[in-house]
Protein chains: 2
Amino acid sequence: MKTCSHQHTHKRQELPALTDRLRRHARKITGPRAAILEILRQHPHPLTTKEIFSEMPRGECDLATVYRSMHLLEKAGMVKRFHFYDGAARFELVEEGSDGHYHHLVCIRCSGVVKVEECFSAEIEKKIAAKNGFKAVTHKLEFFGVCPNCQG
Amino acid sequence: MKTCSHQHTHKRQELPALTDRLRRHARKITGPRAAILEILRQHPHPLTTKEIFSEMPRGECDLATVYRSMHLLEKAGMVKRFHFYDGAARFELVEEGSDGHYHHLVCIRCSGVVKVEECFSAEIEKKIAAKNGFKAVTHKLEFFGVCPNCQG
DNA sequence: TTTTCAATTGCAAATCATTTGCAACAAAAG
DNA sequence: CTTTTGTTGCAAATGATTTGCAATTGAAAA
Ligand SMILES: [Mn+2]
Ligand SMILES: [Mn+2]
Ligand SMILES: [Zn+2]
Ligand SMILES: [Zn+2]
C-alpha cells in the first residue's frame, strides 16, 4: 500500500502559512525547517524522522537537524508525534487551530494508515480522571488490523 | 509514588501455576524464567526489562536473557507489553484465560500507574473496522495525566 | 540414573532510534 | 554592514533491544 488511500478531510496548508506559524513560535526560518514543512505538507501521513530525512532534497541537512526540528515543531504545536508498532516516532502536520486530536487505524501487514476522526466521549475520560484524582488527563488511542488489500 | 497504590481486582497467581502455563507453551523451565515470573508475580505493575533485571536475586542471569524471556512470555500470552511516554517497554502478567485487555492511567510526573478496567472503544472499534474494511482490529489505549501526589 | 540433544544462556559485539557537545555558520534585528 | 543569538553539521555518546556463538543444561529417551 504505497499509495495514499485515506481520505483527507483537512485542507492542505500552503508553505507560507506554515512558515508564518513557525515564525510566531520559534525564531528563524531556515532551509532545513522549510524543507521539513514542505515534505510534511506533501505527505499527509505519519512519517518517521528517517523518512523525512530521505525525502530531503539531495541529502540536504543532517539527520540530527531533523530530530531537533521535530522537537521544535512539536513544541510549537505544529506537528503531532505518534508511536505505532515499531520503535520509530512518526509525525504529521497539525492544522492551524486544531487540537490535533485524532487517531489512526494501522495495517499490521503493509503499514497502511487511515486517519480515524471518531473518539469515545470525553465524559469517560473525565470520569476516569475524577475517580483517580488525576488532573490534565489525555489519552493515546490507536487501532491495528489488516487492511482490505492485505486480507486472504 | 513508589508504593503500590492501585486496586488489584485480580488474584495473584501462584508460581507453580505460572510455570505450568509456561511449560505448556515453551519447553524448559529455567532459573531465569522462574525468577522473572516470580518477580512479575510480586509486582502487579508494568515493569521495564531493566527493572525486572535489577529485581533479580544478586545479578543472576544476563540482561539479554531477560529480553529473550519477555519475548517468549509474550508469545505464550503470559505477559502483555505496554509502551508509555518513554522508550522502554513495560510488562505485566496476564491472568490465565484473560484476554489481557485493559488500559492504564499513567502519571507523567512520577510514572505511577493505575489500571483502568473499563473499555469504551469496543463499539467504536467495530464501526471503524467495518467502515474501512479492516479485519482483526484491536486497539491500544492509554491515559496520561498528573496524579494526586504530583499536583500543585 | 545416565545418556543425549535441542533449547537456553552468558558475553560481547552489533543495531536502531535518538540525543548531545562544540565549533563554524547564518537568520533577523539594529 | 555589524552584531547578536539561534542553528547546523559532524562525530561521538546514549539507551533500548537484538544477535552470533560457543558453552551449558533441562528434560525426554534409553
Ligand atoms: Mn480520542
Ligand atoms: Mn479497550
Ligand atoms: Zn495492509
Ligand atoms: Zn504522580
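Letters A, B, ... are given to chains in the order of the sequence lines, protein chains preceding strands, and every chain is numbered from 1.
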**Q** Pick the nucleotide of DNA chain D nearest each of Cys61(A) and Ala89(B); which residue has the one closer to the 5' end?
**A**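 The 5'-side residue here is Cys61(A).
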**Q** Using atom CE of Met56(A) as one end and atom P of dT8(D) as the other, report the distance to the nearest whole Å.
**A**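 In whole Å, dT8(D) P lies 10 Å from Met56(A) CE.
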**Q** So which of residues 29-40 of chain B are in contact with DNA chain C, with a heavy-atom cut-off of under 4.0 Å?
**A**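 By residue number: Thr30(B), Pro32(B), Arg33(B).
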**Q** Using a 3.5 Å limit on both pairing distances, list the dot-bracket string of DNA chain C from the 5' end; Watson-Crick and G-U wobble pairs count, crossing pairs take [ ], interstrand pairs take |.
**A** |||||||||||||.|||.||||||||||||
**Q** Rounding to a whole Å, what distance do you find between Phe53(A):CZ and dT8(D):C1'?
**A**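 Going from CZ in Phe53(A) over to C1' in dT8(D) covers 13 Å.
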**Q** For Glu60(B), check salt bridge (Lys or Arg N to Asp or Glu O under 4.0 Å) against everything at least two apart and list the hits.
**A**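 Salt bridge (Lys or Arg N to Asp or Glu O under 4.0 Å) check on Glu60(B) returns Arg58(B).
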**Q** Please list, by residue number, the residues of residues 64-81 of chain A whose heavy atoms come closer than 4.0 Å to an atom of DNA chain C; answer none if no residue qualifies.
**A**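 Result for residues 64-81 of chain A: Ala64(A), Tyr67(A), Arg68(A), His71(A), sorted by number.
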**Q** Residues two or more places apart in sequence or in another chain: which of them pass salt bridge (Lys or Arg N to Asp or Glu O under 4.0 Å) with Arg33(B)?
**A**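 For Arg33(B), no residue satisfies salt bridge (Lys or Arg N to Asp or Glu O under 4.0 Å) once neighbours in sequence are set aside.
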**Q** What does the list of N/O pairs under 3.5 Å between the protein and nucleotides 2-5 of chain D look like, with a distance for each?
**A**
unit_1, atom_1, unit_2, atom_2, d
dT5(D), O2, Lys28(A), NZ, 3.2

**Q** Expressed in angstrom and rounded to an integer, what is the separation of Asp62(B) atom CG from dG20(D) atom C1'?
**A**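 To the nearest whole Å, that distance equals 14 Å.
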**Q** Starting from P on dG6(D), measure out to NE2 on His25(A) and report it in whole angstrom.
**A**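 Computing the His25(A):NE2 to dG6(D):P distance gives 17 Å.
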**Q** Could you check whether His104(B) and Phe82(B) have their ring centres less than 6.0 Å apart?
**A**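 For Phe82(B) and His104(B), the ring centres are under 6.0 Å apart.
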